[in-house]
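The figures that follow rest on heavy atoms only: side chains count, while hydrogens, waters and symmetry mates do not. Labels below follow one simple rule: chain letters A, B, ... track the order of the sequence lines, proteins then strands, and each chain is numbered from 1.
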Amino acid sequence: MRLVIRKDFEAVSYHVAKYVKERIKEFAPTATKPFVLGLPTGSSPVGVYRNLVKFHQAGELSFQHIITFNMDEYVGLPRDHPESYHSFMWSNLFKHVDIVPENVHILDGNATDLDLECQRYEEKIAAVGGIELFLGGIGPDGHIAFNEPGSSLNSRTRVKTLAYDTIVANARFFDNDITKVPNLALTVGVATVMDAREVCIIITGAHKALALAKCIEEGVNHMWTVSAIQLHPRGMVVCDEDATLELHVKTVNYFKSIEKVHEQLIGSDNVGLQGGVRSWRGGAESTYHQ
Amino acid sequence: MQYPVALQLHNLISAPSSPEPNAIVPESTAKVIKITNCRVLRDGKIVDKDAIWIQDGKIIDPHKFFWYQKRLPDEVLDAEGLLVSPGFIEAQINGAFGVDFSVPSDQETYERDLTKVSRGLLKYGTTSYCPTIVSSSAAVYHKVLPLLKPRPGSSDSGASILGAHVEGPFINEARVGAHERKVLQASANNGYHDFKSVYGLEGATPEEQRKLRDMDLHSVKIITCAPELDGVMESIPDLVKAGITVSVGHSMANTSEAEKAVLQGATFITHLFNAMPQFHHRDPGVIGLLGSRLDLPRPYYGLICDGIHVHPNSVKIAYDSHPEGVILVTDAMSAMGLSPGNYRLGNMNVSKESDRVVVEGTNVLAGSNALIGPTIWSTSIVHSDVYEEHDVYDDCEHYEGSEHSLRIISLSVSDTDDDGDVYDQALSGDTTGDDEDFTSFKPTSSPVLTDVNNDGDLCCPSSSVITLDACMRNFIQFTSCSLVEALEAVTLHPAVLLGIQERKGVIKPGADADLVFLSDDLYVKRVFVAGEEVDLGLIHV
């Protein structure tokens, strides 16, 4: 797992957006070989979307051959409701870019048969060859998507009851009235996310610090469902300084040093997108600066 | 943790079956246009880097379009950063481009003239308007009004017509302005029936008229009347019930009469300050409506913002006292839109300058009356039966004319009836002779020359030649209001006045796609009517 630590929310957002852009560019998607992207909602990815839109407006990134799958959606909330995840994705991303509407997939919280909807969603993902890169955030309780503590780490897309904590946290979007917050949601499972070929989790802010520490430094635990990323061959967490507040100094220093080694000994131009070294430049003659 | 009872109950009653089953949204394969890179006036704000989506001549919700119709727009237009406003709505315009709505002609000619004006107005950003008819005889109304039923606009036929604004004839003779006196109605004691018979209203009862209005089959949209006339005040509720907007104008009402009219249902003041008693601090008259107590409804008020009809400071005073009520109007006459030059309007030779029309060779403002026959309508003061020609008021516009030429009779002022002022004394008659006959002029009647708008002089500016976009630019200059407020004064406010704010005067899903693209200095650059762009270069009037 890679842990990339950046200064603040803006730097994290820029880094992730740039990473997504470079990944897509490297992949070079076409109509027959589209890039399948998994997308989150919430406050963590807002900066990422903003940067992606900027890249698109500068002509550096096209969404024409990108297929997206969102992580979750509330049950029973009309699609046009300003707080639905359809609305969130529309106003934060889809409105500004050239994505083809048929390539956008979001769970339908108003389907008459919710279980069938979840099953169909999994089938759709399989039909396009699986997800290439799944972006995500976490909650303060370490949940990924709506996989609340106690969710099976082998779970797939299903209906979930939202935890009281989550409802209270989301009340701010519903006039601070917890009775207005939906208490059921459709969500991809932990295994659905981990089935992606690459997973990138965005964790920013001091209130996520404990969750980050639990997920990185402690074991794989269904009470902190994002810890499943420890078992993923290509997992990446991008966080800001504030989110590292509960980590051991040793952990932070270790991951920072890896990046430093990459930059100074090898050169960031030589570092492949997934952190691998493209070519070894030199040995003794390279100086190592502290 | 103890879950709140409300939440427990909520959990019980909230089941997976949806309150909104997958909505069947009508699939439309009609072409969708997206206008990007624009600043849009939406919900009282100017939104930067916004986009407008149009389908079937209406503005659509792109959110719904994306999720339900699941396709990309067929055409994307770049607004190049221009400001996009809803098309302007004109509530008072007597004519333009040489056309006078109040002059009946055969149907074909009238329709052609109407289209000429509808197209020409697009150049100034006006996409909807109420053709205004000055006080006329019933015969004229019966001929002209059926041709003014609402019709939608298009890029070919021009601005949409919302119905007629009949300004009069139930108005006060003392504030007749430039209208013809002899067609005025002194009372309306039979209520709705009197209005019906004069105008030829289609509905036998107010309820029927309203039904016709709901189907856009009515002809009268706004009535300007003087509530102090017998029977008019009591008729207002019926007129409102008939779906007609009632406006107070050409009136001598005092403030309490005016307030009563508003309570009865009047919602507009026709060209505030003009054709009404001037403001007096102990009897503010109709103007006093702007200062009504807040628990009384305050009406919208029209302002002719050419800087001539109303002093810029007066515009600001009115606006400051009641900013939500301002509606800009042009009250333009037939010469509006004509390029500067000499024309013959009716029986007058006039020179059109950029912002006004004067009698040829003079500085005297011409009025719309010039087109209502050669009858002399104005008067002049006589000093011992002989007209003396020496200038007193440089900007006096009273004149008399014959079929052949105009001549300005200047006024000599003297208090010839010894009543302490120089008003209320005059002679008029008609003259069909030429100059020499004036010296032996004999009075045939004795109407009075009055300061008809009580503003201290004998001048009564009648119609203007300003355009609505120029009014808006002037308005910002006079009042220092915000861009949003100036735009809403010509879009949202008239739409709400006329009850059409769901489809006109706003940019929101479901509204007609009537759009004006404005440069930073607020000149009209591009116009869309019913979702189609208008080729402004093809409009020649």
Engineer: What residues of residues 71-90 of chain B sit under 4.5 Å from chain A when you count only heavy atoms?
Structural biologist: B/R71, B/L72

Engineer: With a 4.5 Å heavy-atom cut-off (strictly below), which parts of residues 82-107 of chain A touch chain B? List them by number.
Structural biologist: A/H86, A/S87, A/W90, A/F94, A/K95, A/I99, A/V100, A/P101, A/E102, A/V104, A/I106

Engineer: How about NZ on A/K25, more than 12 heavy atoms from neighbouring residues, nucleotides or ligands closer than 6.0 Å, or not?
Structural biologist: no

Engineer: Surrounding CG of B/D214 (heavy atoms of other residues, nucleotides or ligands, distance under 6.0 Å), is the total greater than 12?
Structural biologist: yes

Engineer: To the nearest 0.5 Å, what is the distance between NE2 on B/H63 and CG on A/D80?
Structural biologist: 6.0 Å

Engineer: Within a radius of less than 6.0 Å around NZ of B/K211, do more than 12 heavy atoms belonging to other residues, nucleotides or ligands occur?
Structural biologist: no

Engineer: Would the number of heavy atoms belonging to other residues, nucleotides or ligands and lying under 6.0 Å from NZ of B/K70 be above 12?
Structural biologist: yes

Engineer: Is it true that, when you exclude B/K508 itself, more than 12 heavy atoms of the residues, nucleotides or ligands shown sit nearer than 6.0 Å to its NZ?
Structural biologist: yes

Engineer: Does B/R151, at its CZ atom, have more than 12 non-hydrogen atoms belonging to other residues, nucleotides or ligands within less than 6.0 Å?
Structural biologist: yes

Engineer: Tell me whether the count of non-hydrogen atoms from other residues, nucleotides or ligands lying under 6.0 Å of NZ in B/K45 goes above 12.
Structural biologist: no

